[in-house]
Amino acid sequence: MTGVKTTCPYCGVGCGVIAKPDGTIKGDPDHPANYGRLCSKGSALGETIDLDGRLLAPQILGRSAGWNDALDLVATKFSAAIRDHGPDSVAFYVSGQLLTEDYYVANKLMKGYIGSANIDTNSRLCMASSVAGHKRAFGTDTVPGTYEDLEQADLIVLVGSNLAWCHPVLFQRISAAKDARPEMRIVNIDPRKTATSDLADLHLQINADGDAALFNGLLRHLADTDALDQPYIDAHVNGFDAAIAAAAGDPTLSGLTADEIAQFYALWAGTKKVVTVYSQGVNQSTSGTDKVNAIINCHLATGRIGKPGMGPFSVTGQPNAMGGREVGGLANMLANHLDIENPDHRDAVQTAWSSPTICTKPGLKAVDLFQACADGKIKALWIISTNPAVSLPDADGVSAAIKNVPFTVVTDIMARTDTGDLADVLLPATGWGEKNGTVTNSERRISRQRAFLPAPAHARPDWKIICDVAQRMGFDGFGFETPADVFAEYVATTALSRDFGKDLDLTALDGADYESLEAVQWPVGGKTRFFADGGFYHPDGKARMIAVTPPAQSNGKFILNTGRNRDQWHTMTRTGKSARLGAHLAEPYVEIHPDDAAEMGVDTAELVTVYGPKGKAIFRALITTNVGRGSLFAPLHWTRQQSASGVVNSAIGPRTDPISGQPATKSTQVDAGKCPVAWYGFAVSANAMQPSRPYHAIAKTGTGWQAECAGMKAPHDWELEARNITATKGGDAAVLHDAATGDVRVAIIKDNKIAALFFASTTPVVVARQHAASLIGTDVAGLAALAGRAAADMPDPGATVCACFNVGVNTLRDAIGQGANTVAALGKATCAGTNCGSCKPELAALIAQFQIPVAAE
Ligand SMILES: Nc1nc2c(c(=O)[nH]1)N[C@H]1C(S)=C(S)[C@@H](COP(=O)(O)OP(=O)(O)OC[C@H]3O[C@@H](n4cnc5c(=O)[nH]c(N)nc54)[C@H](O)[C@@H]3O)O[C@H]1N2
Ligand SMILES: Nc1nc2c(c(=O)[nH]1)N[C@H]1C(S)=C(S)[C@@H](COP(=O)(O)OP(=O)(O)OC[C@H]3O[C@@H](n4cnc5c(=O)[nH]c(N)nc54)[C@H](O)[C@@H]3O)O[C@H]1N2
Ligand code: SF4
Ligand SMILES: [Mo]
């Protein structure tokens, strides 16, 4: 069969994919987001579509149930709560990973039929500050730029964005543009040195939340050096005087030196074609909305917006973050970029929907919504396509809050998630590859997701499940038979936003053939960029510059920063299935500066406990100068399914931006110290493990599973401990216990094959992990396996760097030692980096680290 053209379900780049039912995946050469490229996660999609761990039938209180019973129960419970406690006693918490059609019907049901706006989305944790900033500046939530601007710019400023890992194909497009035009300049503003910093000409290691001070200072500098576009300001911008007056503060409060600041300001002022890309380092902050406006202020004041190669560019995280913003998935939006507070908008939407009611006030934003659950105000809750028990701040408090709701429904594709484990009813959704719909990417481009696999067992598409419940609650208006019907209604309702003079107008797609719909950017058929000649959406048609007051700098002992890894997607329900993706970074870690580690008495790979305002988490210490003193960084990916104490949001409190309500998940004041463990362990097993030790983290390997663990007290019986941890019964065990060092090694052999290996030590276990995993299922003699390192003829590749070809750090180090001193040469020698290219920044870093210095003459 020829492949099916669809769209990657991960990040907001929105790459076109050609997929086949056998799991063959390749980039779509014709898709304007990626022109054939894919990153490591996109390339590995074929490894995540198996049915392992999938939720395949509805469950009521943990038991399989039929759809009729489950849907009836959900409809009855929601209707009863609304009847007894009013519409605001129920809530939906949805996701930027829903398709537009799913989102559209969920929003319609809550806002037009239930009559509450208690529908919020994980986009609150992601894009809310950008939405609020756009609305303040432009009068509507418009992203003015396009991907081409990134290639046409002479200066790209990446603020709080690790594009190399989080939007890898955009990063590759920029990297290729810089190769072609080496004079192109890149500045990266991030408290942490990342793979993205490696491409930058200037990395500004700013203090947490120093951005507003820095961009305020830039505005002042632009004014002082005659770099303003006065005619543009006069014609199209309000608020200049107040903004410049507020920008009088000292930019070194950003934590940067006067020298660094001068370099950056001169570059920005002197380069006309500048794009400022920003992401979660900007949005996830108590000053997130202000940071967005401080950035946009500089673009408005110079008229550098909406022209080729110029503009502020908020890149979206999730595949359909943008689509959700279009249909109104946030609790403070109505639908189609129209406003809840505007009675004319409400009337128009209600008329278009022919709905019995319409919400009259904004609903609860995510953090408040879960607080209302804790307070007993929410009687029925439906969570769809998101995992808030992990991803919201105060994750343990949120888990307790969900438990406190009398009736909770979770729709997911997986049977076990931290959130699903708390639900009364689980509803099985069809996942990527099995469902049809549309998503909108960061540059407003709508692409089709198309099914290339049958729906497994009883799973159903999200839009259908929502419509079925709506109909059982007695509502008409949900009789859609296909996602094409939903899309057609959505397209038709965008006539409303057009008629109110808003930006979102898809009516040119009226009657378009859904099956063959090509990727299309809105406004459809019109201009691709907004605002070059003004035309803003405030009533007077002008933009607004906003007076921004930078926040006071934090003086806590440690600031906990959080974010993403290259090869994992959020709570790992899908990427966690791929052994080669897991091999990149296999356990929860915390980046910590060497001086801080020394002060704490923490050595490489020991464990660190991070104490937050509401709870704590334990991580492996990764000692590195990538973070500054007093700064810690931990990834958000680990959940209670794969780890004990690895949920970073357990250590984060529910602080939010006062305007957008977005949680500040990148700057928590915490305390941290060495975790006093008695022993460290590492195990590989053919069986799935759930060690339940004070610290553990499991990951998939090519032969089964691996587990890192640690205990507070040495067990009496190491063989028993090894069997418990590796979940291995029977067979023979060979146990080596070195009384002098305390090192323990256990091999369990069944049917002459190695079933499990376990290594423990009073210090972090030094064992060739990949090699140990490769022994499972082989007949290597038990004692040889316990050597814990590879024989000379079978070198251990080390931690995976290139996920596509499974090339490890040791292999790369050897190749560099033999003279492969460029990324291209390394690719030739080892294949690393020659498929998706996501690891190229790390290859460059390894070359810098391992290259044999050429002796000075
Ligand atoms: N591999 C991978 N890619 C993804 C995802 C994933 O889970 N995995 N998720 C997707 C989603 S939903 C999103 S939202 C995006 C997120 O994409 P990004 O925003 O690029 O990713 P993060 O790692 O969350 O954070 C980016 C950077 O912000 C920095 N930062 C922290 N505090 C500050 C600050 O005060 N100022 C500045 N200037 N920087 C700061 C952090 O050090 C971090 O390097 O990624 C998308 N792509
Ligand atoms: N500390 C900290 N916390 C953060 C962040 C951070 O940087 N730091 N980032 C925040 C951001 S930007 C985001 S976007 C969130 C992400 O956080 P979440 O949305 O909670 O994370 P995911 O793992 O993407 O959850 C998606 C869920 O939907 C399921 N799913 C997948 N496909 C489908 C489908 O087709 N239908 C249904 N019904 N379910 C499906 C998956 O199995 C999974 O359980 O995390 C936020 N939390
Ligand atoms: S950059 Fe990677 S994760 Fe993002 S859409 Fe493209 S292939 Fe998917
Ligand atoms: Mo996100």
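Just so it is clear, the values below take in all heavy atoms, side chains as well, and ignore hydrogens, waters and symmetry mates. Both ligands and their constituent atoms are indexed starting at 1 by order of listing.
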Query raised in the report: Under 4.0 Å from ligand 1, counting heavy atoms only, is it the side chain of Tyr10, its backbone, both or neither?
Result: neither
**Report entry** Ionic contact status for Lys464 with Asp102, cut-off 4.0 Å
**Finding:** no
Requested in this report: For atom 34 (C) of ligand 1, grab the closest protein heavy atom and report residue, atom and distance to one decimal in Å.
Outcome: Gly281 O, 3.4 Å
Query raised in the report: Taking the non-hydrogen atoms of Thr575, is any one of them nearer than 4.0 angstrom to ligand 1?
Result: no
Query raised in the report: Do any N/O atoms on Thr417 end up under 3.5 angstrom from N/O atoms on ligand 2?
Result: no
Report task. Please write down residue, atom name and distance for the protein heavy atom closest to atom 13 (C) of ligand 2. Result -> Arg564 NH2, 3.7 Å
Query raised in the report: Hey, does Lys435 come in under 3.5 Å of ligand 2, counting only N/O atoms on both sides?
Result: yes
Query raised in the report: Looking at Arg640 and Asp396, does any basic side-chain N land under 4.0 Å from a carboxylate oxygen?
Result: yes
Report task. Looking only at protein heavy atoms, identify the closest one to atom 7 (S) of ligand 3 and say how far it is in Å. Result -> Cys39 N, 3.5 Å
Requested in this report: Tell me which protein heavy atom sits closest to atom 4 (Fe) of ligand 3, plus the residue, atom name and distance to 0.1 Å.
Outcome: Cys11 SG, 2.3 Å
Query raised in the report: Do any N/O atoms on Thr386 end up under 3.5 angstrom from N/O atoms on ligand 2?
Result: yes
**Report entry** Whether Trp569 lies under 4.0 Å from ligand 2, heavy atom
**Finding:** yes
Report summary line: atom 12 (S) of ligand 1: closest protein heavy atom, distance to 0.1 Å, is His570 NE2, 3.1 Å
Requested in this report: Just need the protein heavy atom nearest to atom 26 (C) of ligand 1, so name the residue and atom and give the distance.
Outcome: Gly160 O, 3.4 Å
Query raised in the report: Within less than 4.0 angstrom of ligand 1, does His637 place any heavy atom?
Result: yes
Query - Closest protein heavy atom (residue, atom, distance) for atom 8 (N) of ligand 2 - result: Thr562 OG1, 2.8 Å
Query raised in the report: Going by distance alone, is a donor N or O of one side chain under 3.5 Å from an acceptor N or O of the other, for Ser667 and Arg655?
Result: yes
Query raised in the report: Taking N or O atoms only and a 3.5 Å limit, does Ser385 qualify as a polar contact for ligand 2?
Result: yes
Query - Glu434/Arg54 salt bridge by N-O under 4.0 Å criterion - result: yes
Query - Heavy-atom proximity to atom 44 (O) of ligand 1, best of Asp190, Leu214, Leu163, Asn207 - result: Asp190
Report summary line: re atom 47 (N) of ligand 2, the protein heavy-atom contact at minimum distance is Ser391 O, 2.7 Å
Query - Any Ser285 heavy atom less than 4.0 Å to ligand 1 - result: no
Report task. Could you find the nearest protein heavy atom to atom 24 (O) of ligand 2 and give me its residue, atom name and distance? Result -> Gln97 NE2, 2.7 Å
Query raised in the report: Quick one: does ligand 2 sit under 4.0 Å from the side chain of Leu636, the backbone, both or neither, non-hydrogen atoms only?
Result: side chain
Report task. Would you mind finding which of Ile465, Thr668, Asn122 brings a heavy atom closest to atom 19 (O) of ligand 2? Result -> Asn122
Query - N/O separation below 3.5 Å, Thr411 to ligand 2 - result: yes
Query raised in the report: Can you tell me if Asn34 has a non-hydrogen atom under 4.0 Å from ligand 3?
Result: no
**Report entry** Structural part of Cys15 in contact with ligand 3, heavy atom criterion under 4.0 angstrom
**Finding:** both
Requested in this report: Within a distance under 4.0 Å of any heavy atom of Cys8, pick out the atoms of ligand 3 and give their elements.
Outcome: 3 (S), 5 (S), 7 (S), 8 (Fe)
Query - Closest to atom 38 (N) of ligand 1 (judged by heavy-atom distance), picking from Asp211, Asn626, Ile206 - result: Asp211
Query raised in the report: In terms of residue, atom name and distance, what is the protein heavy atom nearest to atom 21 (O) of ligand 1?
Result: Cys166 SG, 3.3 Å
